Amino acid sequence: MTARTRNQTDKKTPKKPKSGNKSQKWQVIEIWLRIIAYSAISITAVFAIARLLPYQQMQQAKLEEVRLAAQEKEERVNQLRGQFTRSFDPSQARQVMGEQSPRRDPNQRRIFWVSQYISCPCISITC
């Protein structure tokens, strides 16, 4: 028996099936697939952002134009509000009517500026 036990102990213990190696192999494959998938998603996101940047800049430029137009209109509205309140002010009604009408007040005289020299035979005055 001793000879037999020696032979049995000298022999290597039978190896377990390689199920552990297969699961590690699948884990490595899964990790590589995840890396590839996440890399593809990241590259797609970078390209999408690169395509959206010019559009975003164009929209910002349009927004700035709209803001400037709105600011100009706001100034115009404020000016018209001032004129509106002035138009209904009884103390300034006569002045506003004179500005908006081609007719003049009967007590007012028109002055015409002439760019020529006026010479009078009686008086020697030059203007």
Side-chain angles (χ1 to χ4, degrees):
M1 266 209 202
T2 57
R4 203 170 208 200
T5 55
R6 270 192 204 162
N7 280 344
Q8 287 177 356
T9 56
D10 287 340
K11 289 182 181 179
K12 294 181 181 177
T13 56
K15 291 184 179 180
K16 294 181 180 178
K18 295 184 179 182
S19 65
N21 287 341
K22 284 185 181 180
S23 68
Q24 286 179 353
K25 191 175 186 180
W26 283 110
Q27 285 177 350
V28 169
I29 291 172
E30 181 185 356
I31 290 171
W32 277 107
L33 288 175
R34 283 186 181 182
I35 289 172
I36 291 169
Y38 291 146
S39 298
I41 292 171
S42 298
I43 290 170
T44 304
V46 168
F47 281 122
I49 290 172
R51 288 184 70 193
L52 287 174
L53 282 177
Y55 178 75
Q56 189 263 349
Q57 291 173 347
M58 184 175 59
Q59 294 298 317
Q60 288 292 332
K62 286 182 180 179
L63 179 63
E64 188 62 31
E65 288 177 17
V66 169
R67 284 183 182 157
L68 288 174
Q71 185 178 9
E72 290 173 0
K73 298 299 178 192
E74 186 68 32
E75 291 171 2
R76 176 79 173 133
V77 165
N78 289 337
Q79 179 186 7
L80 291 174
R81 279 187 184 148
Q83 289 177 358
F84 181 78
T85 56
R86 183 174 165 254
S87 296
F88 289 100
D89 185 11
S91 64
Q92 296 183 2
R94 192 172 189 103
Q95 181 182 2
V96 171
M97 285 178 8
E99 290 173 0
Q100 294 178 355
S101 173
R103 299 179 75 191
R104 298 285 174 224
D105 188 15
N107 297 332
Q108 208 176 26
R109 294 188 184 235
R110 288 189 169 193
I111 298 175
F112 295 100
W113 294 99
V114 181
S115 62
Q116 310 174 21
Y117 289 106
I118 300 174
S119 61
C120 184
C122 309
I123 306 170
S124 60
I125 299 176
T126 58
C127 299

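Everything numeric in this text was worked out from a predicted model, so none of it was measured.
Here the CG-OG1 distance, from Leu80 to Thr85, works out to 10.5 Å after rounding to the nearest 0.5 Å. In this structure, CE in Met58 is found 10.5 Å from CD in Gln56, a value given to the nearest 0.5 Å.
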Could you tabulate the donor-acceptor pairs under 3.5 Å formed by side-chain atoms of residues 59-66, not counting sequence neighbours?
none

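Legend: residues meeting salt bridge (Lys or Arg N to Asp or Glu O under 4.0 Å) with Arg34, ordered by chain and number and at least two apart, are Glu30. Remark: Phe47 pairs with no residue by the ring-ring contact (aromatic ring centres under 6.0 Å, His included) rule, at least two apart or across chains.
Taking Ile, Leu, Val, Met, Phe, Trp and Tyr as hydrophobic and joining them when side-chain heavy atoms fall under 4.5 Å apart, one finds Ile29 in a cluster with Trp26, Leu33.
Contact between Ile35 and Ser39 at its shortest, heavy atoms only, is O-OG, 2.7 Å.
Counting only residues at least two apart or in different chains, side chain to side chain donor-acceptor pair (under 3.5 Å) contacts with residues 40-53 are absent. The salt bridge (charged side-chain N to carboxylate O under 4.0 Å, His left out) pairs that include a residue from residues 73-83 number zero, where partners must be two or more places apart or lie in different chains.
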